Amino acid sequence: MAADEPLNPPLKALGETLEAEIKQKDTKKHPVEQIPSVPRTALLSVQHVLAFYAGAVVVPLIVAHGLKLDPTTTVHLINADLFTCGIATLIQSIGFWRIGVRLPIIQGVTTMAISPMIAIGLAVNQHGGTEVLPTIYGAVIVAGLFTFFAAPLFAKLIRFFPPLVIGIVLTTMGTTLLGVSAADVINHVEPGQPVLGRDLGYALGTLAIIVLIQRFFKGFMGTLAVLAGLVIGTGVAAALGDTSFAEVGHSSWIAVTTPFYFGWPQFSLTACISMIVVMLLTMVETTGDVFATGEIVGKRIGKKEITAALRADGLSTTLGGILNSFPYTCFAQNIGLVRLTKVHSRWVVAVAGGIMIILGVIPKAGAIVASIPSPVLGGASLALFANLALVGVQTLSRVDLSDTRNGIILTTSIALAMLVSFQPSIADVFPAWAQIFFASGVTLGSITAILLNLLFFHVGPHSKGEDVALGTTGKRRSLRAVNKMSSEEFVSTFARLFNGVTWPLQAAAEMRPFKDAGQLKEAFQDAVMVADKKAQDQLIASYPDVTAMLTASETEAKEISQDVGSLALGQLTEEQKTQLHTLENSYHEKFNLPLVALLSRMDSVDEIIQDGLHRLENSPRHERVVALGQVVEVANDRLEIMMADANPIRSAWSRKFEQLD
């Protein structure tokens with residue numbers, strides 16, 4: 001078909017159909033934008049609140065116990081937490097300007113902040129009390145502002161937080177917080193005093209209830225295990241006269257937390273650094289949660305969405321410091337509930353946020369929570385923190401521990417974290433300004449892991465260069481080794497970049513030596529773009545058509561493309577399949593080439609079709625350049641995966657984050 005020939009009738013119909021669909025976009029809302037009926041919305045919103053509630057109230061309870069706060073202050077913290085959780089959820093799910101990812105995500109207090117906040121408070125005054133709270137809130141405000149302004153730059157920071165660092169932090173956090181749970185289990189008896197069997201009974205009974213519910217109930221009921229354990233344990237204690245609800249009677253029905261209730265914030269450099277480290281780690285957690293939610297609801301997640309989500313975390317955390325609350329992040333429990341219910345509407349979550357705000361202005365509700373006996377809380381928190389440690393171990397299982405560098409970072413970080421956890425008096429040896437870093441095993445372990453990761457992988461001379469590939473035997477090959485390879489070994493090592501076509505690899509091999517991975521990538525690009533027309537056409541013809549990619553199963557698509565991340569484009573409709581086949585046939589008829597595209601950079605099937613229609617307007621010569629550009633993009637994508645497989649500071653876990661670069 002000539003370049004100036006009008007589009008054939010089927011293709012013209014396709015363009016008209018797609019244009020009509022775009023015009024009707026407002027009437028065909030994505031499930032995330034749909035609003036269920038009022039009764040259904042109310043029921044689903046309450047489900048989200050129930051799944052969230054236990055994890056939300058446990059944090060202020062544990063912080064209050066750790067800082068030796070009185071019951072009235074504890075009630076205030078619980079209500080401030082719920083109130084701010086609701087606001088944070090509205091910011092994240094509804095959003096405004098460039099803030100909020102606009103997905104069905106509940107915001108809650110991050111458990112990563114528990115240990116550092118207690119350490120900050122006890123460093124100010126070892127006896128705790130409300131006078132330490134302004135320093136904690138000052139650090140929370142600074143960390144929130146840091147998160148807000150660092151959000152657009154996070155793609156450049158992610159490489160400093162590989163699974164090794166995250167796994168160390170989660171493992172040390174879970175194990176050290178078990179000590180806090182243990183103090184609650186024995187009801188904070190003084191050393192030398194006997195532990196009461198009844199206290200142990202409450203703790204172990206609560207833990208048993210949680211385990212049994214998780215064993216025999218699945219789905220939504222399984223998410224209520226901790227809440228049920230707290231309710232049943234407290235109910236038994238109340239029946240036996242071992243807890244008092246006197247504070248409920250003294251509390252008012254309605255009260256709103258006011259900004260800086262405990263005094264103007266105070267700022268300590270070490271406290272701020274400690275809390276910024278926490279927020280850097282929660283930024284990684286939030287990024288993973290947003291990707292997971294995007295896949296569940298069929299929304300493509302890119303740099304813009306991650307930046308918006310992190311800005312929401314930063315703003316919510318700043319509000320937390322102002323409104324006497326804590327740092328905020330996405331709640332993974334509720335992401336699981338979205339998958340379970342298959343209701344993807346963000347407005348359901350927004351209504352849940354409204355319910356939390358209402359609960360946050362009812363002090364009597366907070367007083368009921370504050371009446372939970374310490375042993376019951378200890379039993380429930382044992383389950384929560386042990387599960388946190390498990391997540392850390394699972395994360396570490398994806399790390400190449402046969403690499404000596406990773407082993408040194410892991411053992412040193414955990415050893416120092418356990419050292420100060422077992423012997424807290426070590427912090428007294430250091431100046432007052434540095435005691436915060438040594439008063440918490442989580443803080444010391446986290447900072448050690450981050451610094452050692454920088455030392456071993458990011459600073460100083462690299463004698464062998466960055467590992468850039470896996471050899472045929474599975475051994476990692478450094479850039480220096482790549483430069484010394486024979487041409488045959490070079491071609492064999494990078495064979496998967498161009499679908500078995502070897503001439504670009506042979507041409508790139510002749511361009512050695514490479515100073516860095518960037519030059520290696522450029523060599524492959526130049527080899528493709530300067531080749532003769534016949535070789536270029538042969539290369540393009542070796543790639544699958546986008547229709548084959550989109551209609552293949554997930555496993556087949558992965559084998560064909562090796563692209564980064566999940567497509568998250570949702571199920572193809574029969575109409576879309578027809579449109580794709582029509583586009584494919586028209587493209588082949590005009591250019592006699594497969595329609596090659598890097599799918600992981602497109603947001604929807606309709607966008608892919610529109611891109612194909614736009615490319616059909618090109619002349620054959622222009623389209624060859626475009627197709628070659630797509631071939632190079634696919635090769636770049638695959639090279640990034642090869643480097644992730646080869647380099648310990650990268651990993652399969654982090655491949656999704658390449659989309660943020």
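What you see is a predicted model, and the numbers here were worked out from it, not measured in a lab.
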Answer yes or no: is there a donor N or O on one side and an acceptor on the other, between the side chain of R311 and the main chain of R98, under 3.5 Å? yes
Between the side chain of R638 and the main-chain N/O of R496, is any donor-acceptor distance below 3.5 Å? yes
| Hey, are Y587 and E623 close enough side-chain-wise for a donor-acceptor pair under 3.5 Å? | yes
- Just by distance, do the side chain of Q92 and the backbone of I105 share a donor-acceptor pair under 3.5 Å? no
Atom CG of residue position N592 - does it have more than 12 heavy atoms of other residues, nucleotides or ligands inside 6.0 Å?
no
The side chain to side chain contact (heavy atoms under 4.5 Å, CB included) partners of S486 (sequence neighbours excluded) come to E488, E489
### Main-chain N/O of P36 paired to T41 side chain as donor or acceptor, under 3.5 Å
yes
*asked:* For E510, is there any backbone N or O sitting under 3.5 Å from a side-chain donor or acceptor partner on R512?
replied: no
Expected output: side-chain S397 to main-chain Q394 donor-acceptor under 3.5 Å
yes
query = Between F524 and F494, is the ring centre distance below 6.0 Å?
reply = yes
Shortest non-hydrogen pair, W503 vs A527, comes out as CZ3-O, 3.3 Å
Of I450, L410, N453, the one forming a side-chain contact (heavy atoms from CB on, under 4.5 Å) with I168 is L410
